[in-house]
Amino acid sequence: MEERRLGPVVGLGTWRTFDGDERLAGEVVGAALDAGCRWIDTSPMYGAAERSLSAALERRRERGDVATKIWAGSLVEGREQYRRQLEWYAHVELEQVHNLLSWQQHLEWLEHERDAGRIGRLGVTHYDPSVFDELARAMRTGRFDAVQLPYNPAERECERELLPLAEELGIAVVVMRPLDAGRLAARDPGPDRLAALRDFGIETWAQALLKWALSDERVDLVIPATTKPERARENAAAGSPPWLGPDERRYVEELASI
Ligand SMILES: NC(=O)c1ccc[n+]([C@@H]2O[C@H](COP(=O)([O-])OP(=O)(O)OC[C@H]3O[C@@H](n4cnc5c(N)ncnc54)[C@H](OP(=O)(O)O)[C@@H]3O)[C@@H](O)[C@H]2O)c1
């Protein structure tokens, strides 16, 4: 297993953003890479996003780390997804079982691929707290290096069991939906209220939300998605210290509840 920590860093999500639009993918991914992001999360579930990402990484593959997924009910389908991923990316830095789908079935061949060096780390994901017990069971096998889960001031269920478990087992944590799928990001409390966070390098509300998640020491990577290159740059800027302490995190929570 590679060293556990991936971060703390900001990456880029790709759900419902560029799909098959390779020009837009090139712009958004290019902006994120230029701003210092490395990790880009995608999935066979996200329409043509995987293919667009491969086009966006052409001639600069070494600057990005691909976190993609196997989303397949059968071995045959899963292996076919993986075959395409190797064609697109040559190597998968983080391969995740998407939404726990047939995870026991896929683990063995994925471990074989990791041992052969074609996959860097193995992860498992789910977005729904009603199946977090199963996500915890998958983590307890000790066979996953990373877990992806939702975490933002409006979605904190993972604090109960999954984050402590990830820390105990040394599993890296990837945060999906750090902006609450855009809902929290849209409720900007305004510059006057954000001024108190300026010493932490925070200029915008989205940066406050991203830094809130990254300042939890158990979190490695947040993967906000955007269709806008300027927002990819804005989000990337939240990925460096100083981190928030407990008081500032509570302040962001208060702002999020306004
Ligand atoms: N494994 C799973 O089950 C699962 C589930 C959900 C998500 N994910 C992964 O996690 C990633 C992130 O989650 P998500 O896409 O659902 O939600 P998110 O990243 O929390 O929010 C994305 C939304 O926020 C907006 N946004 C981005 N940057 C912003 C900024 N600086 N200011 C204001 N608004 C901003 C985007 O709109 P604009 O395009 O207009 O900027 C978009 O609508 C996904 O893309 C995907 O890679 C995985």
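Values below: all heavy atoms of this structure, side chains included; hydrogens, waters and symmetry mates excluded. For ligands, and for the atoms within them, numbers begin at 1 and follow the listed sequence. Since the model is a prediction, treat every value here as computed from it, not as a measurement.
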On the 0 to 90° scale, with breaks at 30° and 60°, tag the His98-Tyr46 ring pair as parallel, tilted or perpendicular. perpendicular
Classify the contact between Trp205 and ligand 1 as side chain, backbone, both or neither, using a heavy-atom distance cut-off of under 4.0 Å. neither
Is it the side chain (CB and beyond), the backbone, both or neither of Asp180 that lies under 4.0 Å from ligand 1, heavy atoms counted? backbone
With heavy-atom distances below 4.5 Å as the criterion, would you say the side chains of Arg38 and Val9 are in contact? no
May I ask whether Ile40 and Ile223 are part of the same hydrophobic cluster, defined by side-chain heavy atoms of I, L, V, M, F, W, Y residues being less than 4.5 angstrom apart, directly or through others? no
Hydrophobic clustering (ILVMFWY, side-chain heavy atoms < 4.5 Å, transitive) - are Leu75 and Tyr82 grouped together? yes
Using a 4.0 Å cut-off to any heavy atom of Glu234, which atoms of ligand 1 qualify? 31 (N)
Quick one: are Tyr89 and Thr42 in side-chain contact, heavy atoms under 4.5 Å? yes
Number the atoms of ligand 1 from 1 as they appear, then name those within less than 4.0 Å of a heavy atom of Tyr46, with their elements. 4 (C), 8 (N), 9 (C), 46 (C), 47 (O), 48 (C)
Going by the closest heavy atom to atom 14 (P) of ligand 1, which one wins out of Arg233, Arg177, Met45? Arg177
Are Glu161 and Arg140 ion-paired here, with the side-chain N under 4.0 Å from a carboxylate O? yes
Using heavy atoms and a threshold below 4.0 Å, how should the contact between Ala206 and ligand 1 be classified: side chain, backbone, both, or neither? side chain
As an exercise, identify every atom of ligand 1 less than 4.0 angstrom from a heavy atom of Gly13. 11 (C), 45 (O), 47 (O)
Hey, does Asn99 have a side-chain heavy atom less than 4.5 Å from the side chain of Thr125? yes
One residue to check: Gln207. Relative to ligand 1, which of side chain, backbone, both or neither has a non-hydrogen atom less than 4.0 Å away? neither
Classify the contact between His98 and ligand 1 as side chain, backbone, both or neither, using a heavy-atom distance cut-off of under 4.0 Å. side chain
Proximal atoms of ligand 1 relative to Thr125 (non-hydrogen, under 4.0 Å): 1 (N)
For Thr14, the ligand 1 atoms whose distance to one of its heavy atoms is below 4.0 Å: 45 (O), 47 (O)
Shared hydrophobic cluster for Leu57 and Trp15 (ILVMFWY, side-chain gaps under 4.5 Å): no
Less than 3.5 Å between some nitrogen or oxygen of Lys69 and one of ligand 1, yes or no? no
Give the residue and atom name of whichever protein heavy atom lies nearest to atom 41 (O) of ligand 1, and the separation in Å to one decimal. Thr226 OG1, 2.6 Å
What closest approach, in Å, do Leu122 and Ile119 show between heavy atoms, and which atom pair accounts for it? CD2-CG2, 3.9 Å
Do any nitrogen or oxygen atoms of Thr42 lie less than 3.5 angstrom from nitrogen or oxygen atoms of ligand 1? no
Protein contact to atom 45 (O) of ligand 1 [nearest heavy atom, distance to 0.1 Å]: Trp15 N, 2.9 Å
Heavy atom under 4.0 Å from ligand 1: found in Met176's side chain, backbone, both, or neither? both
Subset of ligand 1 atoms that lie under 4.0 Å from at least one heavy atom of Gln148: 1 (N), 8 (N), 9 (C), 10 (O), 48 (C)
Under 4.0 Å, heavy-atom basis, I'd like to know which part of Pro178 is in contact with ligand 1: side chain, backbone, both or neither. both
Residue among Gln85, Arg84, Arg83 satisfying side-chain hydrogen bond (donor to acceptor under 3.5 Å, both in side chains) with Glu87: Arg83
Pair Lys69 + Asp41: basic N to acidic O under 4.0 Å: yes
List the closest protein heavy-atom neighbour of atom 15 (O) of ligand 1: residue, atom name, distance to the nearest 0.1 Å. Ala225 CB, 3.3 Å
Go through ligand 1 atom by atom and flag the ones less than 4.0 Å from a non-hydrogen atom of Ala185. 33 (C), 34 (N)
Can you report which non-hydrogen protein atom sits closest to atom 17 (O) of ligand 1, along with the distance? Ala181 CA, 3.2 Å
Is Arg156 salt-bridged to Glu253, going by a charged N under 4.0 Å from an acidic O? yes
Taking Leu179 as the starting point, is it possible to reach Leu214 by hopping between hydrophobic residues whose side chains are less than 4.5 Å apart? yes
Give yes if a backbone or side-chain nitrogen or oxygen of Gly182 is under 3.5 Å from a nitrogen or oxygen of ligand 1, and no if not. yes
Of the protein's non-hydrogen atoms, which lies at the shortest distance from atom 12 (C) of ligand 1, and what is that distance? Ile223 O, 3.0 Å
Taking everything shown except Glu108 itself, do over 12 heavy atoms lie less than 6.0 Å from its CD? no
Of all protein heavy atoms, the one nearest atom 26 (N) of ligand 1 is Leu179 CD1, 3.7 Å
Does Thr227 approach ligand 1 within less than 4.0 angstrom via side chain, backbone, both or neither, non-hydrogen atoms only? both
To check your reading of the model: name the closest protein heavy atom to atom 29 (C) of ligand 1, its residue, and the distance in Å. Arg231 CD, 3.5 Å
Aromatic ring proximity Tyr151/Trp212, centre distance under 6.0 Å: yes
Arg61 and Glu93 ion-paired at < 4.0 Å: yes
Is there a path from Phe200 to Val10 through hydrophobic residues (I, L, V, M, F, W, Y) whose side chains come within less than 4.5 Å of each other? yes
Hey, is Asn99 touching ligand 1 through its side chain, its backbone, both or neither, going by heavy atoms under 4.0 Å? side chain
At what distance is the nearest protein heavy atom to atom 47 (O) of ligand 1, and which residue and atom is it? Asp41 OD2, 2.7 Å
Less than 3.5 Å between some nitrogen or oxygen of Lys228 and one of ligand 1, yes or no? yes
